[in-house]
Participant: 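Submitted below is the structure of interest, expressed as structure tokens.
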Number of protein chains: 2
Amino acid sequence: MEMDERKIKILKAVIRNYLETGEPVGSRTISKYTDLNLSSATIRNEMADLEEMGYILQPHTSAGRIPSDAGYRFYVDNMMREQQEKLDKRENELNKKEELLLEKVDRVEDLLKNVAKTLAVNTNYATMVAAPHKNGRTIKFIQISQIEKGKILAVIVLEGNVIKNTIIENLTDIDTEDCLKLNIMLNSTVAGLALEEINLAIISRLTAQAGEYGMLIRDILDAIAAAAASEDDIQIYTSGATNIFKYPELSDNTKASKLIYTLEEKKMLANLVTDSLDKDSDGDIKVYIGEETPVESMKDCSVVTATYELEDGAKGTLGIIGPKRMDYEKVVETIKNIKTQLNDAFKH
Amino acid sequence: MEMDERKIKILKAVIRNYLETGEPVGSRTISKYTDLNLSSATIRNEMADLEEMGYILQPHTSAGRIPSDAGYRFYVDNMMREQQEKLDKRENELNKKEELLLEKVDRVEDLLKNVAKTLAVNTNYATMVAAPHKNGRTIKFIQISQIEKGKILAVIVLEGNVIKNTIIENLTDIDTEDCLKLNIMLNSTVAGLALEEINLAIISRLTAQAGEYGMLIRDILDAIAAAAASEDDIQIYTSGATNIFKYPELSDNTKASKLIYTLEEKKMLANLVTDSLDKDSDGDIKVYIGEETPVESMKDCSVVTATYELEDGAKGTLGIIGPKRMDYEKVVETIKNIKTQLNDAFKH
DNA sequence: TGTTAGCACTCAACTCGTTAGAGTGCTAAC
DNA sequence: GTTAGCACTCTAACGAGTTGAGTGCTAACA
């Protein structure tokens with residue numbers, strides 16, 4: 001069967017209406033509230049076709065129709081294309097900048113928490129923001145200093161000004177001058193290298209050079225390795241989990257609990273992040289509908305994600321999680337907006 | 001009316017039974033399953049008395065009885081006293097150490113997350129752990145160093161080895177020697193002071209001493225102030241929020257959503273933390289039942305908290321949040337256990 | 001050939017009355 | 001003081017009946 005103009009109009013009308021009301025929508029409603037001027041009977045015939053084609057379905061025989069995943073997919077694709085066309089047409093004509101929603105904050109961590117919250121408040125859905133992440137960051141600067149007898153502070157600054165620090169317990173004492181020498185030695189050898197590039201050869205050379213401080217150097221390198229590890233697991237901030245309860249179709253006990261559990265267990269969100277980082281090569285916004293999401297517990301939801309990028313190339317993901325019956329247009333708009341703001345914020 | 005031995009036995013039986021089944025318990029059940037050898041009619045009379053005294057209540061006329069907040073209170077106080085007596089009797093006789101449940105971890109932050117999780121898994125309730133917090137921490141060590149042109153890294157180590165760091169944008173360049181001098185100057189002036197003790201007099205003296213680097217010193221002091229601020233809001237880790245759904249009396253939509261919201265908005269838990277830090281002067285475990293909790297959204301729950309203490313005197317709180325119908329004995333036992341482990345962990 | 005009116009049919013949701021069962025309070029007897 | 005017995009109350013579960021929204025199909029219409 002073919003999809004003609006009229007069918008598209010009816011499908012859109014069904015989806016729009018369902019998004020608004022959340023109730024299955026019947027043929028009479030469509031006949032009354034569209035400019036098609038067709039009777040309910042004709043609409044019924046068309047709807048039977050649309051159902052056969054898999055775009056809509058009936059919860060039960062004598063109910064109206066609701067969109068299927070495929071129906072939403074069609075709607076979203078259509079909508080995105082139209083939006084793109086609209087954008088192309090007026091180019092940068094007015095590109096109305098919405099006022100900056102994000103408070104100014106100093107620390108990246110706080111900024112991202114803020115983004116998660118702002119998104120949650122604005123969209124009324126659950127949100128997640130993954131911190132920027134980059135493989136193979138290089139070491140920019142290392143500094144060790146003795147803060148008291150037996151305790152040495154090691155500070156490691158990675159590319160992109162990511163700071164890591166540890167306190168190392170050290171049995172032997174170290175005087176200020178030696179400390180200075182060690183610092184110079186460490187920096188001249190390790191600075192500029194990626195964490196992965198520190199191999200055995202480098203380690204043994206450093207240890208040898210350090211003489212009596214060989215053990216200490218080992219400890220420091222261990223600390224660097226630990227920094228690498230803690231850099232590896234992606235930090236994720238979530239917000240608005242309780243928004244889930246606003247949507248009856250998600251708020252029955254088992255579904256809600258699974259969803260909230262996923263939001264709590266941030267490791268599980270990694271799927272979502274990596275998935276959209278992979279596919280999102282064109283930097284666009286991705287919409288996952290129902291079964292399309294890579295996370296099991298979100299099969300009854302839709303997920304909209306976008307990636308943002310730092311100057312240094314590190315990429316992060318942000319996204320919202322809501323019911324399939326979601327105001328896609330508004331969400332995509334909002335996410336696009338926040339994404340822009342975030343890119344700007346990192347560019348100062 | 002007086003509370004005699006028999007009434008106490010019946011009250012305990014009602015509560016025990018209700019904790020197990022979650023159903024209102026009737027007179028016949030009590031008559032069958034206690035060693036009192038009384039008929040249901042007698043039990044009924046006693047239960048009528050207990051109801052009049054406010055320890056139990058009926059959801060509706062023809063149902064069994066459930067414990068009231070006062071009933072739980074009586075039960076818990078009684079239980080705690082008995083436990084204490086038992087403990088006193090056998091002194092340290094066997095003091096069976098349960099195996100260490102906590103994985104060894106390096107960073108305090110991870111340790112506390114771990115505690116929250118372990119508690120949640122072990123008790124099947126929602127849990128929270130507040131990071132140790134101490135007012136008036138003194139500064140132990142400050143170090144600034146230039147990591148690249150125009151960017152200066154400031155590291156501040158507070159008492160208890162709490163490390164803070166910031167990157168300061170600095171327009172004027174600074175050579176290594178001057179940097180050293182500034183460090184010495186800063187440390188000799190500020191080290192040993194509490195954050196609050198840095199007053200205008202000290203600031204202006206430092207600024208004057210620093211000469212051309214006066215502005216930089218100001219920036220560094222600002223960074224210290226920021227560190228103080230970020231130290232001020234208590235870090236709280238939560239876990240097991242979804243456990244709430246396991247208890248039907250809490251899992252209706254509005255209640256669950258409020259509770260989860262509170263667990264998400266960690267600031268609201270501050271009440272709970274400060275409250276138990278205040279009252280918990282004897283270092284014991286506190287049980288809040290229903291209306292007793294200082295947090296609005298937990299009026300339908302019970303909360304059990306304990307404080308732990310670091311060597312340096314900083315105190316933190318841990319607690320579990322569950323239904324009033326909670327296995328108090330097991331929970332108190334578990335919390336006591338974790339508390340001991342935590343105290344030990346910080347003592348190495 | 002596409003569109004429409006009409007009609008029989010289906011199904012969920014609601015209402016209402018009935019019943020069963022658990023539990024109580026009260027009274028009178030032990 | 002304790003107990004058996006009985007009338008009473010209230011919820012939960014069940015089932016029948018009703019309503020209303022919506023459908024599919026057919027036949028007539030433009």
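Residue numbers begin at 1 in each chain, while the letters A, B, ... track the order of the sequences.
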Participant: Could you state the atom-to-atom distance from CG of B:L36 to C1' of D:dG1 in whole Å?
Facilitator: 15 Å
Participant: Tell me which nucleotide, if any, is Watson-Crick or G-U wobble paired with C:dA29 when both distances must be under 3.5 Å.
Facilitator: D:dT2
Participant: Between the side chains of A:K117 and B:E265, is the shortest nitrogen-to-carboxylate-oxygen separation below 4.0 Å, so that they form an ion pair?
Facilitator: yes
Participant: Please report, rounded to the nearest Å, how far the C1' atom of C:dA22 is from the CD atom of B:E23.
Facilitator: 11 Å
Participant: Taking atom P of D:dG1 as reference, at what distance in whole Å does atom CG of B:D4 sit?
Facilitator: 11 Å
Participant: Any side-chain donor paired with an acceptor under 3.5 Å for B:Y18 and B:R65?
Facilitator: no
Participant: With a 4.0 Å cut-off, would you call B:E85 and B:R81 a salt bridge?
Facilitator: yes
Participant: Do you see a donor-acceptor pair shorter than 3.5 Å between the side chains of A:N122 and A:T334?
Facilitator: no
Participant: Nearest whole Å is fine: how far is C:dG2 P from A:D49 CG?
Facilitator: 12 Å
Participant: Using a strict threshold of under 4.0 Å (side-chain N to carboxylate O), is an ion pair present between B:D69 and B:R73?
Facilitator: no
Participant: Is there a Watson-Crick or G-U wobble partner for C:dA20 with both distances under 3.5 Å, and which nucleotide is it?
Facilitator: D:dT11
Participant: Out of the candidates B:V129, B:T305, B:T317, only one should pair with B:V273 under the side chain to side chain contact (heavy atoms under 4.5 Å, CB included) rule; please name it.
Facilitator: B:T317
Participant: Rounding to a whole Å, what distance do you find between A:E46:CD and C:dT3:P?
Facilitator: 7 Å
Participant: How would nucleotides 15-30 of chain D be written as a contact map, 5' to 3', with B for base contact, S for sugar-phosphate-only contact and - for no contact, using protein heavy atoms under 4.0 Å?
Facilitator: ------BSBBB-----
Participant: Charged N to carboxylate O below 4.0 Å: is that the case for B:K9 and B:E5?
Facilitator: no
Participant: Between the protein and nucleotides 13-18 of chain C, list the N/O to N/O atom pairs that are separated by less than 3.5 angstrom.
Facilitator:
none

Participant: So which atom in B:T127 and which in B:A120 form the shortest heavy-atom distance, rounded to 0.1 Å?
Facilitator: CG2-N, 3.4 Å
